[in-house]
Every structure is written in structure tokens, then in C-alpha cells.
Amino acid sequence: MFENIVRDAFLVTVAAPFIYYLLVLHSSWRFFSQAKPARRNVFTPPVSILKPIRGLDPEAYQNFSSFCNQDYPEYEILFCVGQADDPVIPTLDKLIHDFPERRIRILFGPDKDAVNDKVAKLRRLAGEAQYQIVVMGDSDVRVAPDYLRTVVAPLADSKVGAVTCFYLPAHSQTLAENLQTVGMVSDFYAGLLVGWQLEGIRFALGATIVTSRERLAEFGGLQAIENQPGDDLLIGRLIAEHGHQVELLPYTVMKLGGCHSFKELLAKRMRWMVVMKHMRRPAHFGLLFTQGLPWLLAAIAVHPSAGLALAYLGIYLGLRIAIAWSIGVRGLKQLDLWKVIALIPLWDALAFFIWLASFLRKSIQWRDGEYYIRNGMLVAVSSRVAEK
């Protein structure tokens, strides 16, 4: 009898991910239902676009030129490059030649070294920016002509301190790229929308962060986080902690530096998991109860019944497909998502094993470097070796 009670209790516990999936559906439906119809924005203050650059990204010229083709009255674009011999320099020179009407400046190197090279460059860019409103974004982002008008508009409300938006891989040519897309829509963004439902937006996404230099100064400026991981998360969190709203727009930009191979996909997901483990430990552990596939398989192993297996499998697949449709198709208008939606179980299996492995992982790979995270700070592995 005791064994039956334990088994039944376990089978009830298996329902935890299904409850989470229902919460995702509720959150995503509410979020996208509240989205306001797009209209031409009349709030167009001058803007400084800040681009920290390291190396040459795929289709870099097309990415950069998309920012030069904005339907926006006044803005400048600032690039910060590490060295004068960086391979991106010819591309930037061509950009300046092809868009003489745009104010484009190139800065070389941050004014002081920091472990987080990207944030060090952003700090230099923010200090050199001509305008109060700054738009920060990854170097591999490509945008539509209405981008600036859309992402700057919410700052017309004085309560809004920062704006961010969704992003998706631009290409779907490889299995790894398709897995990344499915994972972002049905897993990563699912969690973000539940966070929005429960506590509001207290983060930003690195593809787009729109704020003001005044808001950055309130938490000590970008120099306060230049030796920490998860800079996009931290910027959104710190602005929110200072009493300002962070708005997540139902608007999508494209990222070209995606995961073309399984090696890149695994490295990127592992880095995100390890950073989460150090910065949000309870949330990292709680991911166990958001993963339906391993619980489903465990339930079938504990009680191998055809009826139970079909019931659990049907619920799992139905809810996961519904989540992908609600966020990807209905919300983000990615109509081609149906072509890869069958990859969801494969993504869920991969994500579960990466989550397990993250408990054993002590360092992260970032660009061409390897780092530890100690007390919330990035420490280069080479630095630790040199100290011994």
C-alpha cells in the first residue's frame, strides 16, 4: 500500500510541468493581447546608437546598414572596436562611404581594460554619445526601417526607464539553427513571459536596450557592471530596482550570429545556464519543474501503462505545441515556425541534459576566452592560473 501511495504521489508531481505550461499559455495570451496596434510615433528625440564590436560577424555590412536606413529624423551611430587592425574596419569604412548622410563614428578600444570587454566598450560609447537617449544592441542584429521609432516610443512615458524587445535567428538552414529557434520561442521566451506575469519585466535582452544616460548613471553607470556576466539582465534589473518600468515590446529583430552547429548551440546554452546558476540559483534549480519530457518518461517508467503513457504524451505534446503557437505564431508572427515545431521534443531533451551538466560546469566559454564566475564577477581562467 505504501508503494502505491508513493507511486501515486509521484504521478501527481509529474503534473507540475503541465501546470507551468498552462501558466505560460495564460501569460503569453495576456501579454500579446495587451499589445497596442502599431502607429506612427511622434515622439522622436535624437538618439545615439551604440555598437560594441569585436571581429567580423556574418553579413556584418547588411546588419550595420539596416541601422543606417531608419525612418527617424535625427540619430548617430557609434562603433567601438578593440584595435585598428580589427577585420571589421573595412566594413565600417564602406558603411561610412555608402551613407554620407549619416553621422557615423568609430572609436578604438575602451579607455580602460575590463573583464567584460563588451560592457567596457559600451561604457566608452555612452560617454562619447552626443544624445541623452541611447540604443544599445549586439553587433549581429539586423532591424527594419521602423525599428527606432518603435523602440524609442515608450520612453515618452516618464515612468518607463528602459525598453527591450524580442529577437530571433535570421536563418533556419541547419538543424542547430532550427533547434535554437524552437528553443527560444517555446522555452526561453516562455519563461520570460511567466516572469512578466509574476513580477513584471526586470531584465533586458541584449539585442535591444533603449534607455537614457541618466538612467544608467543612477546605478553607477556601466562601469558598475563591467566585470560581471549577464550585462543585459543586470541593466534591466538595476533600472527596475531604481523604480522605473522596463517595457518588453512585442516586436522582433533578427540576429545573424546564430548557432550554425551543435557545438555553438551547446556552448551558448551552457553559458546561459551557468550564468543563471550563479546569478539566480533558485530559478536555475526550479527549471526542473518546468521540463515536461523527463517527467513524462519517468512517469512511464514508474507506471508502465499504455493508457497512462498516451495520456501524458498527448497532454505534453498538446501543451508544448500550443505554447509555440501562442508565442511564436500568434505573438511574434513567425508563420514559418510550423515547419520546425516537431523539433520541440528534441529541444526539450537537449535542454534537460544541458541543465544537468550545468551543475558540474565551473567555467563558461565566451568568444575566444574562458571565465569563472566568482561572487558574481567574471574571472578569466588564465588569470586564475597565473595567480597559482
Side-chain angles (χ1 to χ4, degrees), residues 10 13-14 16-17 20-21 115-119 169 174-184 186-192 194-195 203 205-206 225 227-234 237 257-302 316 320 343-388:
F10 176 78
T13 305
V14 170
Y20 168 74
Y21 292 159
V115 178
N116 193 326
D117 180 68
K118 171 188 170 184
V119 179
T174 68
L175 178 59
E177 288 173 334
N178 287 326
L179 277 172
Q180 183 188 22
T181 299
V182 164
M184 291 186 70
S186 68
D187 187 358
F188 180 56
Y189 289 149
L192 295 188
V194 169
F203 58 84
L205 300 174
I225 61 170
N227 292 315
Q228 296 179 257
D231 49 274
D232 47 358
L233 169 67
L234 285 172
R237 178 191 295 176
C259 301
H260 308 291
S261 67
F262 271 104
K263 182 179 179 180
E264 292 176 319
L265 179 61
L266 290 173
K268 183 175 182 179
R269 179 71 177 186
M270 180 62 73
R271 181 174 68 246
W272 184 75
M273 276 291 164
V274 174
V275 170
M276 185 179 184
K277 179 181 70 173
H278 285 274
M279 297 183 65
R280 303 182 64 195
R281 288 186 181 274
H284 176 260
F285 179 79
L287 289 176
L288 173 63
F289 301 102
T290 68
Q291 304 184 53
L293 183 61
W295 285 98
L296 163 67
L297 297 177
I300 295 173
V302 169
Y316 161 75
R320 294 296 282 132
L343 294 175
I344 288 178
L346 179 58
W347 166 260
D348 285 352
L350 184 65
F352 175 68
F353 284 112
I354 294 174
W355 175 77
L356 284 178
S358 69
F359 285 96
L360 303 176
R361 183 77 180 185
K362 296 182 179 180
S363 63
I364 60 172
Q365 296 288 335
W366 190 18
R367 290 280 184 169
D368 53 356
E370 185 175 2
Y371 303 87
Y372 294 116
I373 301 175
R374 298 289 184 266
N375 299 318
M377 297 292 179
L378 282 172
V379 179
V381 170
S382 57
S383 300
R384 290 295 297 267
V385 173
E387 291 172 2
K388 294 182 179 180

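Just so it is clear, the structure is predicted and the values come from calculations on it, not from any experiment. Residues: numbered from 1 along the sequence shown.
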Practice task
May I ask you to decide if His284's main-chain N or O and Lys277's side chain share a donor-acceptor pair within less than 3.5 Å?
Solution key: no
Practice task
Look up atom CG in Leu346 and atom CG in Leu350, then write down how far apart they are to the nearest 0.5 Å.
Solution key: 6.5 Å
Handout entry: pair Asp231-Lys118: side-chain heavy atoms closer than 4.5 Å
Key = yes
Handout entry: Spatial distance of atom CD (Gln228) from atom CG (Asn375) [nearest 0.5 Å]
Key = 10.5 Å
Practice task
Check side-chain contact (heavy atoms from CB on, under 4.5 Å) between Gln291 and all other residues, then give those that pass, not counting sequence neighbours.
Solution key: Leu287, Pro294, Phe352, Trp355
Handout entry: Validation row: Tyr316, Pro345 side chains within 4.5 angstrom (heavy atoms)
Key = yes
Problem - Minimum side-chain heavy-atom gap Thr181-Leu343 below 4.5 Å - result: no
Exercise for the section: Apply the test side-chain contact (heavy atoms from CB on, under 4.5 Å) to residues Val274 and Tyr371: give CA-CA distance (whole Å), side-chain angles for both, the deciding distance (0.1 Å), then the verdict. Expected result: CA-CA 11 Å; Val274 174; Tyr371 303 87; over 6 Å; no
Problem - Ser358 versus Met270, closest heavy-atom pair with distance - result: CA-SD, 3.8 Å
Handout entry: Asn227 side chain vs Val115 backbone, donor-acceptor pair below 3.5 Å
Key = yes
Problem - Partner set under side-chain contact (heavy atoms from CB on, under 4.5 Å) for Leu297, not counting sequence neighbours - result: Leu293
Exercise for the section: Indicate yes or no: at least one non-hydrogen side-chain atom of Gln180 is less than 4.5 angstrom from one of Lys268. Expected result: yes
Exercise for the section: Using a cut-off of 6.0 Å, state whether more than 12 heavy atoms not belonging to Arg361 lie near its atom CZ. Expected result: yes
Exercise for the section: Give the intermediate values and the outcome of side-chain contact (heavy atoms from CB on, under 4.5 Å) for residues Trp295 and Leu288. Expected result: CA-CA 9 Å; Trp295 285 98; Leu288 173 63; 4.1 Å; yes
Exercise for the section: Return the set of residues passing side-chain contact (heavy atoms from CB on, under 4.5 Å) with Phe353 (not counting sequence neighbours), or none when no residue passes. Expected result: Leu356
Practice task
Taking the side chain as every heavy atom from C-beta outward, state whether Leu234 and Met279 have any atom pair closer than 4.5 Å.
Solution key: yes
Problem - Sequence-distant partners of Asp232, salt bridge (Lys or Arg N to Asp or Glu O under 4.0 Å), two or more places apart - result: none
Practice task
Tell me whether the guanidinium CZ or amine NZ of Arg237 lies under 6.0 angstrom from the six-membered ring centre of Phe203 and within 45° of its axis.
Solution key: no
Exercise for the section: Starting at CG of Leu233, measure out to CE of Met276 and round the result to the nearest 0.5 Å. Expected result: 9.5 Å
Practice task
Taking all non-hydrogen atoms of both residues into account, name the closest pair between Leu265 and Ala176 and its distance.
Solution key: CD2-O, 3.9 Å
Exercise for the section: Would you check if the side chain of Arg320 reaches a backbone N or O of Ser186 as a donor-acceptor pair within less than 3.5 Å? Expected result: yes
Practice task
Return the minimal non-hydrogen interatomic distance between Arg269 and Ala351, and the atom names on each side.
Solution key: NH2-CB, 3.9 Å
Completion exercise
dist Leu378:CG -> Asp117:CG (nearest 0.5 Å) comes out at 11.5 Å
Exercise for the section: For the residue pair Val275 and Ile364, establish whether any side-chain heavy-atom pair is separated by less than 4.5 Å. Expected result: yes
Practice task
Would you indicate whether the side-chain heavy atoms of Leu179 and Thr174 approach each other to under 4.5 Å?
Solution key: no
Handout entry: More than 12 heavy atoms of other groups within 6.0 Å of Phe285 CZ
Key = no
Practice task
Please report the closest heavy-atom contact between His278 and Ile373, naming both atoms and the distance.
Solution key: CE1-O, 3.4 Å
Problem - Under the ring-ring contact (aromatic ring centres under 6.0 Å, His included) test, residues paired with Phe188 that sit two or more places apart - result: Trp272
Problem - Set of side-chain contact (heavy atoms from CB on, under 4.5 Å) partners for Val194, sequence neighbours left out - result: Tyr20, Leu23, Val24, Ser27, Leu198
Exercise for the section: Check whether any side-chain heavy atom of Pro169 sits under 4.5 Å from a side-chain heavy atom of Met184, and report yes or no. Expected result: yes
Handout entry: Donor-acceptor pair, side chain of Thr290 and main chain of Gly286, under 3.5 angstrom
Key = no
